[in-house]
Number of protein chains: 2
Amino acid sequence: MDAQVKRGLLDVCVLAAIKFDDSYGYKIIKDLEPYMKISESTLYPILRRLEEQGQLTVRSEEYNGRLRKYYGITATGRDKIAQFASEWKEIMSVYDYVTREE
Amino acid sequence: MDAQVKRGLLDVCVLAAIKFDDSYGYKIIKDLEPYMKISESTLYPILRRLEEQGQLTVRSEEYNGRLRKYYGITATGRDKIAQFASEWKEIMSVYDYVTREE
DNA sequence: GGATATACTATACGACGCGAGGTATTATGT
DNA sequence: ACATAATACCTCGCGTCGTATAGTATATCC
């Protein structure tokens with residue numbers, strides 16, 4: 001996928017990955033793989049930013065002797081998803097414009 | 001529209017604005033307005049970049065005593081549009097993933 | 001004659017993706 | 001037993017790019 005387009009979808013994809021169940025970095029990367037390849041150095045800064053913005057919450061939990069950070073979506077995060085969905089009409093109209101045949 | 005999403009659509013919108021007829025900066029901004037508001041300070045650097053990348057060509061022409069730069073799409077530019085169109089399925093699958101109901 | 005539209009340019013800032021590199025434990029294969 | 005891969009997190013630095021701000025200059029409208 002085009003790098004710039006991808007950029008526009010990254011945040012909302014991460015939110016979508018935790019919208020039903022809390023999840024953690026490594027799992028998010030694997031879950032998103034079919035839709036969008038995202039590297040660790042891309043994801044972790046995004047998670048931190050989304051937390052700062054109040055779109056998700058973090059809790060640390062030990063799993064099998066290893067530390068895991070579980071991320072859960074907040075109401076603000078859900079709003080972002082809803083906002084993205086409501087913007088879709090605009091995005092579609094751009095698509096139609098770009099692919100139009102005179 | 002979300003700033004990041006917009007970012008992903010900017011290049012291809014500009015190409016789309018000149019895909020049938022050559023155009024110039026000011027007109028491109030007005031033509032794109034219904035789909036996407038783009039400022040001068042955003043557009044002109046994009047035009048220069050797209051030229052460097054061989055996606056469009058420029059010629060200067062005098063119009064009414066004022067200099068105008070007309071931009072025309074190249075085969076490479078058309079390829080970019082085609083590429084965007086062919087990526088659309090992936091983008092749609094992201095949309096479906098983000099808006100899915102369990 | 002003053003405001004608005006037209007038309008292009010340069011500078012500087014900040015946001016952000018991501019490659020490269022680091023640490024550490026557990027599971028798997030031979 | 002030992003190497004390799006998988007799991008799980010983190011940081012630093014680079015380059016790209018949108019955009020606010022400001023500047024230049026002519027034409028048109030009231």
Side-chain angles (χ1 to χ4, degrees), chain A residues 1-15 17-18 21-33 35-53 55-72 80 94, chain B residues 1-15 17-18 22-33 35-72 80 84 87 94:
Chain A
M1 195 180 311
D2 172 76
Q4 294 300 314
V5 173
K6 194 176 162 182
R7 208 173 168 133
L9 304 172
L10 271 169
D11 280 25
V12 87
C13 271
V14 171
L15 291 171
I18 59 171
D21 300 294
D22 291 2
S23 187
Y24 52 94
Y26 196 83
K27 183 162 192 295
I28 292 169
I29 289 171
K30 298 297 165 195
D31 287 345
L32 288 183
E33 200 140 32
Y35 310 101
M36 164 159 310
K37 297 217 193 318
I38 172 173
S39 70
E40 295 178 88
S41 58
T42 296
L43 179 64
Y44 289 109
I46 287 175
L47 288 170
R48 244 170 273 126
R49 182 162 45 79
L50 291 180
E51 195 206 349
E52 277 165 34
Q53 294 169 355
Q55 298 184 44
L56 48 77
T57 53
V58 196
R59 69 170 199 281
S60 285
E61 216 169 279
E62 205 173 306
Y63 177 81
N64 222 336
R66 231 192 320 249
L67 186 76
R68 248 188 210 170
K69 286 185 159 185
Y70 283 90
Y71 300 90
K80 279 282 167 185
V94 167
Chain B
M1 195 180 311
D2 173 75
Q4 295 301 314
V5 173
K6 194 175 161 183
R7 207 173 168 135
L9 303 172
L10 271 171
D11 280 26
V12 87
C13 271
V14 171
L15 290 171
I18 58 170
D22 292 2
S23 188
Y24 52 94
Y26 196 84
K27 183 164 190 298
I28 292 170
I29 290 171
K30 297 299 165 193
D31 287 345
L32 288 182
E33 200 140 31
Y35 310 101
M36 165 160 308
K37 297 219 194 316
I38 172 174
S39 70
E40 296 178 85
S41 59
T42 297
L43 177 63
Y44 289 110
I46 287 175
L47 288 170
R48 248 172 266 130
R49 180 163 47 77
L50 292 180
E51 194 206 349
E52 276 165 34
Q53 294 169 354
Q55 299 184 42
L56 49 78
T57 53
V58 196
R59 68 172 201 283
S60 285
E61 215 169 278
E62 206 173 307
Y63 177 80
N64 221 336
R66 221 183 339 237
L67 188 76
R68 244 189 212 167
K69 286 185 161 186
Y70 282 90
Y71 299 90
K80 279 283 165 182
F84 173 77
E87 262 172 16
V94 167

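We name chains A, B, ... by the order of the sequence lines, and we start the count at 1 in each one.
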Open item on the list: Strictly under 4.0 angstrom, non-hydrogen atoms only: write out the protein contact profile of nucleotides 13-21 of chain C, one letter per nucleotide from the 5' end, B, S or -.
Closed with: ---BSBBB-
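- Rounded to an integer number of Å, the gap from OH of B:Tyr71 to C1' of C:dT9 is 10 Å.
- For B:Asp31 and C:dA7, the CG to C1' distance is 15 Å, given to the nearest whole Å.
- Partner A:Tyr70 forms a ring-ring contact (aromatic ring centres under 6.0 Å, His included) with one of A:Tyr26, A:Tyr24, A:Tyr63 and no other, that one being A:Tyr24.
- In plain terms, the two heavy atoms of A:Leu32 and A:Cys13 that are nearest each other are CD2-O, 3.6 Å.
- Here B:Leu47 contributes atom CG and B:Leu15 contributes atom CG; the two are 9.5 Å apart, rounded to the nearest 0.5 Å.
- Contact annotation: A:Lys69 side-chain N/O to D:dC10 OP1/OP2 distance is under 4.0 Å.
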Show the distances under 3.5 angstrom between N or O atoms of the protein and N or O atoms of nucleotides 25-28 of chain D.
from	atom 1	to	atom 2	distance (Å)
D:dT26	O2	B:Arg66	NH1	2.6

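- Remark: B:Arg48 is not in phosphate contact with C:dC8, judged by side-chain N or O atoms under 4.0 Å from OP1 or OP2.
- Contact between the side-chain N/O atoms of A:Tyr24 and the OP1/OP2 oxygens of D:dA8 is found at a separation under 4.0 Å.
- For the pair A:Tyr26 OH and C:dT26 P, the interatomic distance rounds to 16 Å; values are reported in whole Å.
- For the pair A:Lys30 and D:dA8, the criterion of a side-chain N or O lying under 4.0 Å from OP1 or OP2 is not met.
- Distance CD/A:Gln53 to CG/A:Asp11: 7.0 Å, rounded to 0.5 Å.
- If you take CG on A:Leu10 and CZ on A:Arg49, they are separated by 8.5 Å, rounding to the nearest 0.5 Å.
- Note on A:Tyr44: a side-chain N or O is less than 4.0 Å away from OP1 or OP2 of D:dC9.
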